[in-house]
Structures are given as C-alpha cells and as structure tokens.
Amino acid sequence: MTQYWLFKSEPDEYGIDDLAAESHGIGVWDGIRNYQARNLLRDEVKEGDQVFFYHSSCKQVGIAGTMQVVRAGYPDPAQFDQSSKYFDSKASEQKPRWFCVDVRFEQKFSRVIALSELKELAAESGSPLSDMVLLNQSRLSIQPVSKPQWNYIMALAQQS
DNA sequence: GCCAACGTTGGC
DNA sequence: GCCAACGTTGGC
C-alpha cells in the first residue's frame with residue numbers, strides 16, 4: 001500500500017532542481033540526524049511511496065513538487081565518511097545509527113504551494129490539512145502525509 | 001538577524 | 001530520571 005510523506009530540504013543546499021538534474025533523477029536522501037525522522041526512514045518509508053519535496057529556510061517556503069521512493073531505508077554512508085560533515089564517530093558498519101533512502105524526481109509544480117497558503121486552507125472548517133504534521137510539528141524533517149492531504153494538495157497544485 | 005519551539009547533553 | 005544549559009531548526 002502506497003504511503004505518503006513530506007521531506008524537507010533547504011534549496012540553497014539541495015533543492016528540487018538539484019534532484020531533477022541527477023542521473024535518472026535519482027538522489028540519496030541523506031544527512032538526516034534526528035531520531036524521530038531516522039526511525040521513519042528506517043522502519044516506515046517504503047519503495048514506491050510518494051513524497052512531497054518541501055523547501056525550507058528560503059525565499060519561497062513551501063511544497064515544490066513530488067518524488068518517489070525507489071529504495072527503502074539503508075545505512076547512510078555519510079556517517080562512516082570522516083570527510084563528511086555528517087560523519088558520526090559513534091556509528092559503525094555493524095551498528096549504523098543513521099539511515100537514508102533513495103528517491104526519484106517525479107514532478108516540479110508550476111508554482112510552489114506556499115506554507116502560508118497551506119496554513120490559510122487548514123483554518124477552513126473540515127479541511128484535511130487541519131491535522132497536517134507540517135502545521136503542528138513543524139520541525140520534523142521526515143513526516144507522514146495522509147492520503148486525503150496528499151490528494152487535496154495535488155489538486156491544489158494542478159490549478160494555476 | 002531575531003526568536004520560539006524543540007531536541008540533545010550532561011551533572012547530579 | 002530530572003532538569004538546566006545549550007544547540008539547532010526554521011519561519012518571519
């Protein structure tokens with residue numbers, strides 16, 4: 001069963017255009033160093049799942065497009081790489097601490113669905129966005145999206 | 001650059 | 001296990 005997620009990234013570091021420019025549009029979603037997010041990557045995110053690409057800490061904060069998970073959780077190689085800023089001396093190949101997934105670019109929306117717009121829509125009565133994790137636990141960088149939320153936002157992205 | 005919210009660390 | 005201090009995230 002397909003599940004839905006929202007992954008955050010700072011576009012100055014790695015934005016949706018960077019993913020689209022990768023070979024076959026496939027990139028590694030690594031560098032996640034938060035236990036709650038790690039647990040989701042390790043245990044819950046599955047191949048075939050659909051993901052919103054969210055741009056944080058930038059001019060246009062919001063959802064920029066979609067991607068698909070093409071490889072489920074595996075140990076993040078960066079934790080073993082001494083030259084990486086994501087190196088973790090307490091992690092070992094036998095006992096990896098951090099996990100990553102592979103994703104494939106799917107589509108870039110014709111406009112960024114702004115966080116402010118999502119907040120406004122969430123305030124409407126009966127909105128499927130009212131309990132969206134993004135609006136209630138905003139710091140989590142890997143977060144679940146419900147199917148109604150996914151469909152609602154996809155419909156929003158189709159209108160110009 | 002500010003600051004609120006929240007996660008992590010470490011002494012006890 | 002509590003909690004103060006500190007660090008990070010992320011919107012504005």
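Just so we're on the same page: letters track the sequence lines, and every chain starts at 1.
Taking a 4.5 Å side-chain heavy-atom cut-off between Ile, Leu, Val, Met, Phe, Trp and Tyr, the cluster of A:Phe87 contains only that residue. A:Tyr74 forms part of a hydrophobic cluster together with A:Val28, judged by ILVMFWY side-chain heavy-atom separations under 4.5 Å.
Note: A:Trp150 and A:Tyr4 have tilted aromatic rings, judged against thresholds of 30 and 60 degrees for the angle between ring planes.
With sequence neighbours excluded, no residue forms a side chain to side chain donor-acceptor pair (under 3.5 Å) with A:Gln107. By the side chain to side chain donor-acceptor pair (under 3.5 Å) test, A:Arg38 is found to be paired with no residue, residues two or more places apart in sequence or in another chain being considered. Contacts of A:Lys59 classified as side chain to side chain donor-acceptor pair (under 3.5 Å), with partners at least two apart in sequence or in another chain: none. For A:Gln68, the side-chain contact (heavy atoms from CB on, under 4.5 Å) criterion is met by A:Gln50, A:Arg104, A:Glu106, not counting sequence neighbours. Remark: A:Glu120 engages no residue in a salt bridge (charged side-chain N to carboxylate O under 4.0 Å, His left out) (not counting sequence neighbours). The side chain to side chain donor-acceptor pair (under 3.5 Å) check on A:Asp88 picks up A:Trp98, with sequence neighbours excluded.
Five base pairs at each end of the helix from B:dG1-C:dC12 to B:dC12-C:dG1 define two local axes, and these are offset by 10° (rounded to 10°).
Listed by first and then second residue, the side-chain hydrogen bond (donor to acceptor under 3.5 Å, both in side chains) pairs involving residues 125-136 of chain A are A:Asp131-A:Gln149 (not counting sequence neighbours).
Proximity of residues 53-64 of chain A to DNA chain C (heavy atom under 4.0 angstrom from any strand atom) is restricted to A:Tyr54, A:Ser56, A:Ser57, A:Val61.
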Contact string for nucleotides 6-11 of chain B, one letter per nucleotide 5' to 3', B = base within protein heavy-atom range under 4.0 Å, S = sugar-phosphate only, - = neither, reads B-S---

